[in-house]
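To start, the structure itself, in structure tokens.
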Amino acid sequence: MNDGTVSLPWLVVRQDDNGNRYRVGRYATRAEAQKIADSLDSRGHKQLYWVERITQNADGTRN
């Protein structure tokens, strides 16, 4: 990015037993995000963890 900001396009998302979704964290690489998701998932709780990429819309806003 040219504006000096750090790009963190990868999210780790958690879904609880009631279907509520939460952002756990944002990461620079998919590998880093997947490592966190795997670590959290291995704790044996009933929550689901996965990795998503934040996409940028044509108007420059993030989705």
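We're numbering straight along the sequence, starting at 1. Everything numeric here is computed off the predicted structure, so don't read it as measured data.
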Within the structure provided, determine whether [X] and [Y] are in side-chain contact (heavy-atom separation under 4.5 Å).
| X | Y | answer |
| --- | --- | --- |
| W50 | R21 | yes |
| R23 | V12 | no |
| V24 | Y49 | yes |

Spatial distance of atom [atom1] ([X]) from atom [atom2] ([Y]) [nearest 0.5 Å]:
| X | Y | atom1 | atom2 | answer |
| --- | --- | --- | --- | --- |
| T29 | K35 | OG1 | NZ | 10.0 Å |
| R14 | D16 | CZ | CG | 5.5 Å |
| W10 | R53 | CH2 | CZ | 5.0 Å |

Grouping I, L, V, M, F, W and Y whenever their side-chain heavy atoms are under 4.5 Å apart, do L40 and Y27 come out in a common cluster?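 Yes; tracing contacts between hydrophobic side chains, which count when under 4.5 Å, links both residues.
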Could you see if V13 belongs to whatever hydrophobic cluster contains L48? Use Ile, Leu, Val, Met, Phe, Trp, Tyr and a side-chain cutoff under 4.5 Å.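 As far as the 4.5 Å side-chain criterion goes, L48 and V13 are connected within one cluster.
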Using the side-chain hydrogen bond (donor to acceptor under 3.5 Å, both in side chains) criterion, which residues pair with [X]? Sequence neighbours excluded.
| X | result |
| --- | --- |
| R43 | none |
| E32 | none |
| Q47 | none |
| N18 | none |

Between P9 and A28, which heavy-atom pair has the shortest distance, and what is it?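 It is CD-O, 3.9 Å.
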Where do I54 and L11 land on the side chain to side chain contact (heavy atoms under 4.5 Å, CB included) test, with the steps shown first? CA-CA 7 Å; I54 299 172; L11 291 175; 3.7 Å; yes
Run the side chain to side chain contact (heavy atoms under 4.5 Å, CB included) check on R30 and V51 step by step: do they pass? CA-CA 7 Å; R30 180 178 178 84; V51 174; 3.8 Å; yes
Say whether, by atom type as modelled, one donor and one acceptor occur between the side chain of R26 and the main chain of L8 under 3.5 angstrom.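 Side chain of R26 to backbone of L8, a donor-acceptor pair under 3.5 Å: yes, one is there.
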